[in-house]
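The block underneath contains the structure these notes are about, expressed in structure tokens.
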Amino acid sequence: MTSERKGSAKRPPAAVGDVYERLTITEFLDRRQNSKGEWIPWVLVECSCENRTRREIRLSSLRSGNTRSCGCLARETARARSTTHGDHKTRLYGIWASMKYRCKNTTHRNAHRYSLKGVTVCDEWQDFVTFRDWALANGYMDGKEIDRIDTNLGYTPDNCRWVTKLENLDNRAKYLPADPEEWLHSHARRTDSSPYEVIKAALEAYLDASRTRA
């Protein structure tokens, strides 16, 4: 049977065989003390998914609806969200994922320019479809990169545009440090490379962009 008990005082006690979403109570276990010193009853449940996963959970979490499956429901929901739009293998999806990653990861090699600087992705762009629709309506095409107009602000529709790699490099040139040599050695140390490798990578990127533009 599927339990539809609501409220608290008038609900009959739970029983073996009661079903809550995908979980069925198979056994009552012991009472365990929580961080507040309260003794909470625990039960063994079995999930109706193909793995028939069994796990021990608090009875209160089960009856309140906070726990509805062995975790399979959340995985299925996440998988559906990532595949519904059908774009998860596209270049634009990669740009979106990289943008979010840079703004969250504090160990990224350019963290000092993004996450550690407080650069964030706006709430509406947490959803890929919303970001994709904005991009297609605002000049996105293969070969273009997303660029923040004001590098002190985050990724928002009002602060972003699509530019070529060469334009992006030209924009960054405006923010070159007062002492390029000192910056070069500092950047090489941060990226665990040599000044020569930094210059070589930058030159290759610039020439690449020039050929693409031509």
* To do: Go through the structure and list residues passing side chain to side chain donor-acceptor pair (under 3.5 Å) with R68, not counting sequence neighbours.
  => none

* Do any pairs count as a salt bridge (charged side-chain N to carboxylate O under 4.0 Å, His left out) and have a residue in residues 23-34, sequence neighbours left out, and if so which ones? -> D30-R32, R32-E56

* Could you tell me how the ring of W134 sits relative to the ring of W125: parallel (under 30°), tilted (30 to 60°) or perpendicular (over 60°)? => tilted

* Asked: Are I25 and L44 connected in a single hydrophobic cluster, I mean Ile/Leu/Val/Met/Phe/Trp/Tyr linked by side-chain heavy atoms less than 4.5 Å apart?
  -> no

* Asked: Given N138 and R161, is the side-chain contact (heavy atoms from CB on, under 4.5 Å) satisfied, shown in steps?
  -> CA-CA 7 Å; N138 286 275; R161 60 189 172 187; over 6 Å; no

* Would you kindly say whether N66 and S64 are connected by a side-chain donor-acceptor distance under 3.5 Å? => yes

* To do: Only counting residues at least two apart or in another chain, list the ones meeting salt bridge (charged side-chain N to carboxylate O under 4.0 Å, His left out) with D123.
  => none

* To do: Kindly write out the residues that satisfy side chain to side chain contact (heavy atoms under 4.5 Å, CB included) with D133, not counting sequence neighbours, or none if the list is empty.
  => V129

* Set of ring pair (Phe, Tyr, Trp, His ring centres under 6.0 Å) partners for Y140, sequence neighbours left out -> W162

* Quick one: do V16 and Y20 end up in the same hydrophobic cluster if we chain Ile, Leu, Val, Met, Phe, Trp and Tyr together by side-chain heavy atoms under 4.5 Å apart? -> yes

* Asked: Can you hop from V119 to V121 via hydrophobic side chains spaced under 4.5 Å?
  -> yes

* Asked: When hydrophobic residues are tied together by side-chain contacts of less than 4.5 Å, even through go-betweens, does W96 share a cluster with L92?
  -> yes

* **Test side chain to side chain contact (heavy atoms under 4.5 Å, CB included) applied to S69 - qualifying residues, sequence neighbours left out** => R22, C47, C72, L73

* Mind checking what makes side chain to side chain contact (heavy atoms under 4.5 Å, CB included) contact with S115, not counting sequence neighbours? -> T106, A111

* To do: Starting at CZ of R132, measure out to CD1 of I95 and round the result to the nearest 0.5 Å.
  => 14.0 Å

* Applying side-chain contact (heavy atoms from CB on, under 4.5 Å) between V45 and each of L62, T67, T24, report the one that passes. => L62

* Asked: Looking at residues at least two apart in the chain, or sitting in another chain, which of them share a side chain to side chain donor-acceptor pair (under 3.5 Å) with T26?
  -> none

* Asked: Does Y155 share a hydrophobic cluster with L136, counting links as ILVMFWY side-chain heavy atoms below 4.5 Å and allowing steps through other members?
  -> yes

* Just by modelled atom types, is the T151 backbone N or O under 3.5 Å from a matching donor or acceptor in the R148 side chain? -> yes

* Asked: Partners of N105 by side chain to side chain donor-acceptor pair (under 3.5 Å), sequence neighbours excluded?
  -> Y101, T107

* Taking only residues two or more places apart in sequence or in another chain, which ones pass salt bridge (charged side-chain N to carboxylate O under 4.0 Å, His left out) with R102? -> none

* **Stepwise side-chain contact (heavy atoms from CB on, under 4.5 Å) test for D158 and L153** => CA-CA 10 Å; D158 294 335; L153 301 179; over 6 Å; no

* To do: Using the test ring pair (Phe, Tyr, Trp, His ring centres under 6.0 Å), find all partners of W42 that sit at least two apart in sequence or belong to another chain.
  => none

* Structure fact -> With sequence neighbours left out, the residues meeting side chain to side chain donor-acceptor pair (under 3.5 Å) with N51 are none

